Trainee: 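Next up is a structure, given as structure tokens.
Throughout, protein chains are lettered first and strands after them, A, B, ... in sequence-line order, and every chain is numbered starting at 1. Small disclaimer: the values here were computed from a predicted structure and weren't measured.
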Amino acid sequence: MRKDGVVAVLFLAPSLIGFAIFYLIPFAMGFLYSFQDSTVDGSFVGLDNYKALHASSSFRKAAANTFLFTGVSVPLIIALSLLFAHLLSQKLFIRNWLQTAFVMPLVVPVASIVMMWQILFDWNGTLNVWLQSLHIERIDWMKSNWATGVLVIVYIWKNIGYNIILFLAGLQSIPRDYYETADIEGASKFHKWIHITLVYLTPTMFFVTLMSIINSFKVFRETYLIAGDYPHDSIYMLQHYMNNMFLSLDIQKLTAAATLMVGCILILVSLLLAVERRFRNFMD
Amino acid sequence: MALFRKLALTIVMGVVATAMLFPIIVTITNSLMTEAEINYNYSLIGKMVNTAAGEKERFINLKLIPDWVSFGQYAEVFIHKPVFLHMFWNSVYLVVPIIIGQVLVASLAAYAFAKLRFWGRDKLFVVYLMTMLMPFQVTLVPNYIIADKLGLMNTNSAIILPGIFSAFGVFMLRQFMLHIPYSYIEAAKMDGAGHLRIFYQIIVPLIQPGIAALVVLLFVDNWNMVEQPLIFLEDSFKQPLSLYLSRINEGAFGVAFAASAVYMAPMVLLFLYAESYFIEGIQLSGIKG
């Protein structure tokens with residue numbers, strides 16, 4: 001493991017220096033700040049910042065909203081993208097066109113489309129016009145608990161193409177003869193789907209879950225551009241909280257919140273990895 | 001029967017696909033309306049609808065087909081709003097250096113991670129991966145302090161440099177390099193080639209599809225940036241289009257459709273041109289090495 005060491009350092013150096021300056025060091029600094037009372041000559045205050053955070057109702061709200069959003073939208077997008085990937089892998093007319101349509105939202109900049117969301121979901125917007133014509137009471141989409149639902153839709157619209165591409169690749173990599181063998185043995189469609197398709201998609205599923213979680217944090221862009229610094233309570237996310245703490249220069253709470261968020265992400269990823277490892281042992 | 005099933009399935013998927021494209025189609029068709037028509041449709045004098053309570057109220061009128069096709073909104077954007085073009089170029093000046101820088105730096109690092117053996121390699125790679133998962137806000141304060149110390153505040157470099165060194169390119173190009181057999185490298189070593197030569201004469205040509213995919217993905221992601229310029233570029237004259245667009249959207253819709261269409265055009269065209277690379281890039285990043 002050591003023979004290429006010197007060459008490796010040369011190849012890695014540009015990346016590692018920049019990575020350290022702009023990612024590793026800031027990350028470590030943030031962690032240290034979260035235990036101090038000031039960023040300049042601060043003294044160690046233990047868990048005080050975390051206690052303050054715990055006492056803050058806006059932090060609790062933001063954390064709960066973020067968990068709720070990720071908890072709802074990630075399983076939903078995985079189920080939907082699996083369904084559409086499955087349908088797209090069937091014999092269809094204009095299949096490549098359909099696939100292009102699903103992937104297209106991925107490349108459309110958020111800012112280009114924000115206006116569309118406003119037109120659709122405004123109190124006087126298009127969706128409410130449609131509801132009216134169906135004689136259904138209109139809904140204040142962005143200023144009620146429906147706002148979470150709107151964000152879930154926007155998130156799925158934007159990211160489903162990415163997952164579909166991954167699932168399509170996963171589906172294609174399952175050897176045909178598995179299904180043929182199962183056919184000979186007289187397995188039902190459902191049985192084949194559970195015991196062949198789903199099992200062999202698990203590695204893909206792992207990666208899709210990971211990317212979906214990462215992308216669920218990025219939905220902040222949409223929320224911010226649609227609703228600004230202080231959106232309706234139900235879509236006030238951890239990122240809003242951190243941004244606002246930054247603007248009000250409450251660095252201690254911000255770094256503590258960031259550290260907690262990193263902790264949660266690490267736990268989540270380790271859990272996923274552990275599940276994946278157990279599953280791989282089980283497959284071998 | 002099989003044909004009927006195929007047709008039915010195509011129609012169902014076609015409906016969903018149309019819904020996916022709906023916002024994009026609306027933006028483009030509306031960008032071709034006259035400003036008067038836009039104002040009529042969206043300034044709440046458009047459509048009168050009876051509310052449940054019985055009184056008449058004004059609603060937004062979403063229209064797909066323009067009464068007259070007009071390039072007036074585009075003319076307005078390009079001729080009467082010089083600030084638009086200025087910010088369009090701001091976006092370009094942020095994104096292009098990030099793409100070039102990240103491809104250079106990341107391809108070198110990816111070679112080390114994929115093809116060289118050294119102590120702590122896999123652990124270091126996990127560290128790279130972990131930072132990819134973190135939202136921007138997590139390192140916000142320290143990044144701000146570092147940018148301040150390096151004198152980067154309110155300069156493009158405060159956004160470009162972190163963009164160049166983000167772990168994504170290393171991750172993706174490594175995936176591509178893992179598929180290159182070791183025997184190629186062994187053979188080149190036999191012929192007396194050094195690693196740098198192997199890198200640019202063997203590896204780089206072989207991973208060109210990977211580089212193309214990375215360029216597309218980086219372009220998409222960075223063209224879209226919102227948080228970084230919001231924090232690091234106080235001077236609104238330096239900000240990219242993403243922020244400017246969200247401001248002209250407020251209230252008046254007027255030229256916003258044309259501006260939005262121009263803003264999404266490079267992405268959409270690049271995607272249609274390089275779709276296969278884009279898809280290959282995503283698929284290969286999902287296959288574990």
Trainee: Check this for me: B:Tyr273, atom OH, are more than 12 non-hydrogen atoms of other residues, nucleotides or ligands nearer than 6.0 Å?
Mentor: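 Atom OH in B:Tyr273 is not crowded, with 12 or fewer foreign heavy atoms closer than 6.0 Å.
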Trainee: When only heavy atoms count and the cut-off is under 4.5 Å, which of residues 8-15 of chain A reach chain B?
Mentor: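 Near chain B, by residue number: A:Ala8, A:Phe11, A:Leu12, A:Pro14, A:Ser15.
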Trainee: Given that the side chain runs from C-beta out, which part of B:Ala19 has a heavy atom under 4.5 Å from chain A: side chain, backbone, both or neither?
Mentor: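 Looking at B:Ala19, just its backbone touches chain A.
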Trainee: Is it the case that the side chain of B:Gln137 and the backbone of A:Ala258 share a donor-acceptor pair, with hydrogens and angles ignored and the cut-off at 3.5 Å?
Mentor: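 Not confirmed, B:Gln137 side chain does not pair with A:Ala258 backbone.
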Trainee: Taking side chain as C-beta onward, heavy atoms only, is A:Met242 less than 4.5 Å from B:Leu140?
Mentor: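 They are not in contact (no side-chain heavy atoms under 4.5 Å apart), so the answer is no.
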Trainee: At a heavy-atom separation under 4.5 Å, does B:Ile146 approach chain A through its side chain, its backbone, both, or neither?
Mentor: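 Contact with chain A is through the side chain of B:Ile146 alone.
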Trainee: Does any backbone or side-chain atom of B:Leu7 lie under 4.5 Å from a heavy atom of chain A? Answer side chain, backbone, both or neither.
Mentor: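 It is both, since atoms from each part get that close.
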Trainee: About how many Å separate CG of B:Leu124 and CG of A:Leu16, when rounded to the nearest 0.5 Å?
Mentor: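 Reported to 0.5 Å precision, the distance equals 5.5 Å.
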Trainee: In terms of relative ring orientation, are A:Phe246 and B:Tyr144 parallel, tilted or perpendicular, with 30° and 60° separating the classes?
Mentor: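 Answer is perpendicular, since the angle exceeds 60°.
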Trainee: Evaluate the criterion side chain to side chain contact (heavy atoms under 4.5 Å, CB included) for residue pair B:Lys115 and A:Val7; output intermediate values, then yes/no.
Mentor: CA-CA 11 Å; B:Lys115 294 293 176 220; A:Val7 191; over 6 Å; no
Trainee: With ring-ring contact (aromatic ring centres under 6.0 Å, His included) as the rule and sequence neighbours excluded, what pairs involving residues 95-116 of chain A come up?
Mentor: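 For residues 95-116 of chain A, and leaving out neighbouring residues, the ring-ring contact (aromatic ring centres under 6.0 Å, His included) pairs sorted by first residue read A:Phe84-A:Phe102.
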Trainee: Among the options B:Val262, B:Thr131, B:Leu241, pick out the one with the most heavy-atom pairs lying under 4.5 Å from chain A.
Mentor: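 With the most close heavy-atom pairs to chain A, the winner is B:Thr131.
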Trainee: Using non-hydrogen atoms and a 4.5 Å limit, figure out which bit of B:Ile164 sits close to chain A: side chain, backbone, both or neither.
Mentor: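 For B:Ile164, neither part sits under 4.5 Å from chain A.
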Trainee: Is a side-chain donor or acceptor of A:Trp157 paired with a backbone partner of B:Met20 at a separation under 3.5 angstrom?
Mentor: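 Yes: the side chain of A:Trp157 pairs with the backbone of B:Met20.
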Trainee: Contact part of B:Val220 toward chain A, heavy-atom cut-off under 4.5 Å: side chain, backbone, both or neither?
Mentor: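 The answer is the side chain of B:Val220.
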Trainee: Can you tell me how far CZ of A:Arg221 sits from CG of B:Asn224, rounded to the nearest 0.5 angstrom?
Mentor: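 So the gap between those two atoms works out to 4.5 Å.
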Trainee: Quick check for you: to the nearest 0.5 Å, what is the distance between A:Leu225 atom CG and B:Leu245 atom CG?
Mentor: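 So the gap between those two atoms works out to 9.0 Å.
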Trainee: With a 4.5 Å limit on heavy-atom distance, are the side chains of B:Ile11 and A:Phe93 in contact?
Mentor: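 Contact flag for B:Ile11/A:Phe93 side chains = no.
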Trainee: Check whether B:Ser166 gets within reach of chain A through its side chain, its backbone, both or neither, counting any heavy atom under 4.5 Å.
Mentor: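 Both parts, heavy atoms under 4.5 Å.
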Trainee: Which heavy atom in B:Phe118 sits nearest to a heavy atom in A:Gly5, and how many Å separate them?
Mentor: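 It is CB-CA, 4.1 Å.
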Trainee: Do B:Tyr128 and A:Phe19 have ring centres separated by under 6.0 Å?
Mentor: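 Here the rings of A:Phe19 and B:Tyr128 have centres that are less than 6.0 Å from each other.
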Trainee: Of all residues at least two apart in sequence or in a different chain, which pass the salt bridge (charged side-chain N to carboxylate O under 4.0 Å, His left out) check with B:Glu275?
Mentor: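 Listed in chain order: nothing, the list is empty.
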Trainee: Counting only non-hydrogen atoms closer than 4.5 Å, does B:Asn30 touch chain A with its backbone (N, CA, C, O), its side chain (CB onward), both, or neither?
Mentor: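 Neither part, no heavy atoms under 4.5 Å.
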Trainee: Examine whether an atom of B:Leu270 lies under 4.5 Å from a heavy atom of chain A, and if so say whether it belongs to the side chain, the backbone or both; otherwise answer neither.
Mentor: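 Interface part for B:Leu270: neither.
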Trainee: Which heavy atom of A:Leu166 sits nearest to which heavy atom of B:Gln283, and what is that distance?
Mentor: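 Between these two residues, the closest heavy atoms are CD2-CA, 4.1 Å.
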Trainee: Taking only residues two or more places apart in sequence or in another chain, which ones pass ring pair (Phe, Tyr, Trp, His ring centres under 6.0 Å) with B:Phe232?
Mentor: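 None.
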Trainee: How long is the gap from CG on A:Asn243 to CD on B:Glu227, to the nearest 0.5 Å?
Mentor: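 One finds 7.0 Å between CG of A:Asn243 and CD of B:Glu227.
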Trainee: Where do B:Ser242 and A:Ala111 come nearest, in terms of heavy atoms and distance?
Mentor: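 Between these two residues, the closest heavy atoms are O-CB, 3.4 Å.
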Trainee: Restricting to non-hydrogen atoms, name the atom on B:Phe278 and the atom on A:Val107 that form the minimum distance, rounded to 0.1 Å.
Mentor: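 The pair with the smallest heavy-atom distance is CZ-CG1, 3.9 Å.
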Trainee: Check the pair A:Gln239, B:Phe136 against side chain to side chain contact (heavy atoms under 4.5 Å, CB included), reporting the backbone distance first and the verdict last.
Mentor: CA-CA 9 Å; A:Gln239 288 99 309; B:Phe136 165 79; over 6 Å; no
Trainee: Closest approach of B:Met264 and A:Ile113, non-hydrogen atoms and distance?
Mentor: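 Taking B:Met264 first and A:Ile113 second, the nearest heavy atoms are CE-CD1, 4.0 Å.
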Trainee: Donor-acceptor pair, A:Tyr23 side chain versus B:Met132 backbone, under 3.5 Å?
Mentor: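 Side chain of A:Tyr23 to backbone of B:Met132, a donor-acceptor pair under 3.5 Å: no, none is there.
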Trainee: Could you tell me which portion of A:Leu24 (side chain, backbone, both or neither) has an atom closer than 4.5 angstrom to a non-hydrogen atom of chain B?
Mentor: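 Just its side chain gets close to chain B.
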Trainee: Which region of B:Met13, side chain (C-beta onward) or backbone (N, CA, C, O), has a non-hydrogen atom less than 4.5 Å from a non-hydrogen atom of chain A, or is it both or neither?
Mentor: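 Both backbone and side chain.
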Trainee: Specify the closest pair of heavy atoms between B:Ile282 and A:Leu106, including all atoms of both residues, with the distance to one decimal.
Mentor: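 What the structure gives for the nearest pair is CD1-CD2, 4.0 Å.
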Trainee: Go through the steps for A:Val108 and B:Tyr263 under the test side chain to side chain contact (heavy atoms under 4.5 Å, CB included), then give the verdict.
Mentor: CA-CA 9 Å; A:Val108 171; B:Tyr263 191 48; over 6 Å; no
Trainee: Taking the side chain as every heavy atom from C-beta outward, state whether A:Gln90 and B:Arg5 have any atom pair closer than 4.5 Å.
Mentor: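 Yes, their side chains come closer than 4.5 Å.
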Trainee: If you count heavy-atom pairs within less than 4.5 Å of chain A, which of B:Thr27, B:Val16, B:Val170, B:Val12 leads?
Mentor: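 The residue among B:Thr27, B:Val16, B:Val170, B:Val12 with the greatest pair count is B:Val16.
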Trainee: Only pairs of heavy atoms separated by less than 4.5 Å count here; which of B:Ala110, B:Ser107, B:Ala106, B:Pro135 has the most with chain A?
Mentor: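 Of the candidates given, the most pairs with chain A belong to B:Pro135.
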